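Any value given below was found using the heavy atoms of this structure, including those in side chains, with hydrogens, waters and symmetry copies removed. Model, not experiment: these values are computed from the prediction.
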Amino acid sequence: MAVAPPTEDAEAMRYLAFGDNGLLTALYGDHDRHLARIEQQLGVSIASRGNRVAVAGPARSADTAVGVLNQLYGRLKGGLAVGPAEVDAALRLAAMPEDGPAPPSPAIEIKTPKRRITPRSRNQARYLRTLRERELVFALGPAGTGKTYLAVAMAVSMMEAGRVDRIVLSRPAVEAGERLGFLPGDLREKVDPYLRPLYDALYDTMPTEQANRRLASDDIEVAPLAFMRGRTLSDAFVILDEAQNATRVQMKMLLTRLGENARMVVTGDLSQIDLPDGQTSGLAHALGVLDGIEGIGTVRFTDVDVVRHELVARIVRAYDALDGGPGTA
């Protein structure tokens with residue numbers, strides 16, 4: 001993750017005092033590594049003595065560091081974890097333009113059986129709000145921005161709350177051309193390699209035994225997109241992942257499966273289309289056809305929202321520069 005260097009200004013000293021000493025180990029990090037990360041990214045010097053912290057550096061940077069520390073301390077007081085990813089997220093938010101949308105509130109969270117999940121960027125916060133408010137949501141952007149993970153977490157949360165009866169997770173099996181018969185094993189063994197990222201998100205938000213029980217009873221279904229044909233998906237939370245690899249026919253087929261009391265999330269990255277030459281991405285086509293239709297939400301992520309290893313954001317930017325900008329196919 002790269003944080004833009006602040007504008008040069010006068011040197012300043014800022015002081016903080018935290019009320020709960022029991023939270024300081026998590027706030028400062030092992031061997032003060034969280035403080036060191038903030039120092040490195042903002043160009044400040046941070047000294048801690050007990051519950052008191054002194055921040056020295058350019059005034060704007062020092063103020064930013066104070067804001068980051070207060071935000072992280074607020075997470076801890078709210079019972080949420082703070083690790084390197086949360087520190088980077090706070091720094092990422094601090095680097096946003098001052099006239100941008102407000103930072104996400106710790107109150108915006110998803111409660112799942114296994115963990116409480118909060119947004120790590122402004123777009124993630126907007127995404128969570130959109131998932132709650134809209135019945136059909138398109139989430140677009142590069143890998144590592146949380147598109148699929150947050151959708152699965154929201155689906156699990158809604159099922160646990162009784163707002164939907166089941167979850168349907170799907171992906172186009174483009175690598176096998178939707179013709180899986182030549183692969184060894186039974187049906188599940190054939191399709192699992194293409195659906196594994198969905199299982200990973202599911203098991204990260206739900207205890208393994210509970211997830212396996214839900215899968216066995218078909219309360220949670222994980223299946224290739226081709227298997228959705230001819231069905232009506234009612235009282236369900238439906239997620240289509242890697243939708244840029246769905247054809248126009250497949251996309252129309254899935255979108256028209258939406259039944260009563262159902263929600264659908266369609267995620268994809270238009271710069272990663274694997275369809276054969278000459279085939280139009282069903283995701284790109286649907287975005288044009290459905291633009292402006294009431295009840296549909298669209299959230300577009302960028303490299304700024306990448307929450308994986310900081311190198312991922314740099315890689316995304318490098319490829320975007322080569323291909324002519326984000327979202328090019």
Checklist entry - Can you name the closest pair of heavy atoms from Leu150 and Ile110 and give their distance? => result O-CD1, 3.8 Å
Item to check | Qualifying residues under side-chain hydrogen bond (donor to acceptor under 3.5 Å, both in side chains), relative to Gln40, sequence neighbours excluded | outcome: Arg37
Next on the checklist: Does the plane of the ring in Phe18 sit parallel, tilted or perpendicular to the ring in Tyr28? Use 30° and 60° as the thresholds.
Outcome noted: perpendicular
Item to check | Verdict with supporting geometry, Leu23 and Lys77, side chain to side chain contact (heavy atoms under 4.5 Å, CB included) | outcome: CA-CA 8 Å; Leu23 301 178; Lys77 287 189 69 176; 3.7 Å; yes
Checklist entry - More than 12 non-hydrogen atoms from neighbouring residues, nucleotides or ligands closer than 6.0 Å to NZ on Lys114, yes or no? => result yes
Per-pair distances, 0.1 Å, donor-acceptor, side chain in residues 280-300, under 3.5 Å, sequence neighbours excluded:
residue : atom : partner : partner atom : Å
Ser281  : OG   : Gln244  : O            : 2.9
Ser281  : OG   : Leu283  : N            : 3.2
Ser281  : OG   : Ala284  : N            : 3.4
His285  : NE2  : Arg248  : NE           : 3.4
His285  : NE2  : Arg248  : NH2          : 3.2

Checklist entry - Side chains of Glu160 and Lys111: does their closest heavy-atom pair fall under 4.5 Å? => result no
Checklist entry - Taking it one step at a time, do Asp305 and Thr145 satisfy side-chain hydrogen bond (donor to acceptor under 3.5 Å, both in side chains)? => result CA-CA 5 Å; Asp305 301 296; Thr145 52; over 6 Å; no
Next on the checklist: I'd like to check Val266 versus Met251 (side-chain heavy atoms, cut-off strictly below 4.5 Å). Are they in contact?
Outcome noted: yes
Next on the checklist: Just so I know, are the side chains of Arg171 and Leu225 near enough to count as touching, which here means a heavy-atom distance under 4.5 Å?
Outcome noted: no
Next on the checklist: Within the structure provided, determine whether Gln279 and Thr247 are in side-chain contact (heavy-atom separation under 4.5 Å).
Outcome noted: yes
Checklist entry - Are Asp235 and Arg166 ion-paired here, with the side-chain N under 4.0 Å from a carboxylate O? => result no
Checklist outcome for this item: Heavy atoms of Arg214 and Met159 approach each other most closely as NE-CE, 3.7 Å
Next on the checklist: Ignoring hydrogens and geometry beyond distance, is a side-chain donor-acceptor pair present between Glu86 and Gln71 at under 3.5 Å?
Outcome noted: no
Item to check | Option from Asp219, Leu215, Ile220 for which side-chain contact (heavy atoms from CB on, under 4.5 Å) with Ser217 holds | outcome: Asp219
Checklist outcome for this item: Sorted by chain and residue number, the side-chain hydrogen bond (donor to acceptor under 3.5 Å, both in side chains) partners of Glu135 (sequence neighbours excluded) come out as none
Next on the checklist: Test side chain to side chain contact (heavy atoms under 4.5 Å, CB included) on Ile167 and Val222; report intermediate values, then the result.
Outcome noted: CA-CA 8 Å; Ile167 298 172; Val222 186; over 6 Å; no
Checklist entry - Taking the side chain from Lys147 and the backbone from Gly268, do they hold a donor-acceptor pair closer than 3.5 Å? => result no
Next on the checklist: Taking the side chain as everything from C-beta on, heavy atoms only, tell me whether Tyr73 gets closer than 4.5 Å to Asp20.
Outcome noted: yes
Item to check | For the student: nearest non-hydrogen atoms of Ser48 and Asp32, plus distance | outcome: OG-OD2, 3.9 Å
Checklist entry - Quick one: side chain to side chain contact (heavy atoms under 4.5 Å, CB included) partners of Thr148, sequence neighbours excluded? => result Val152, Leu198, Asp241, Thr267
Checklist entry - Just wondering, are more than 12 heavy atoms of other shown residues or ligands nearer than 6.0 Å to CD in Glu133? => result yes
Checklist entry - Which heavy atom in Val265 sits nearest to a heavy atom in Ala151, and how many Å separate them? => result CG1-CB, 3.9 Å
Checklist entry - Can you list the residues that meet the side chain to side chain contact (heavy atoms under 4.5 Å, CB included) rule with Arg115, with sequence neighbours excluded? => result Thr112, Ile117, Tyr149, Asp204
Checklist entry - Side chains of Val137 and Met264: does their closest heavy-atom pair fall under 4.5 Å? => result no
Checklist entry - Hey, does Val55 have a side-chain heavy atom less than 4.5 Å from the side chain of Tyr15? => result no
Checklist entry - Considering all heavy atoms of both residues, which atom of Pro113 and which atom of Val156 are nearest to each other, and what is their separation? => result CD-CG1, 3.5 Å
Item to check | Met253 vs Arg229, side chain to side chain contact (heavy atoms under 4.5 Å, CB included): CA-CA, chis, key distance, verdict | outcome: CA-CA 7 Å; Met253 175 271 293; Arg229 190 174 302 277; 4.0 Å; yes
Checklist outcome for this item: Residue set satisfying side chain to side chain contact (heavy atoms under 4.5 Å, CB included) with Thr208, at least two apart, ordered chain then number -> Tyr203, Asn212
Item to check | Beyond-backbone contact of Arg213 with Glu209, side-chain heavy atoms, under 4.5 angstrom | outcome: yes
Checklist outcome for this item: When every non-hydrogen atom of Asp269 is compared with those of Ala143, the smallest separation belongs to OD2-N, 4.1 Å
Item to check | Leu27 and Val82: CA distance, side-chain angles, deciding distance, side chain to side chain contact (heavy atoms under 4.5 Å, CB included) verdict | outcome: CA-CA 7 Å; Leu27 177 64; Val82 167; 5.5 Å; no
Item to check | Short side-chain to backbone donor-acceptor contact, Arg263 and Arg132, under 3.5 Å | outcome: yes
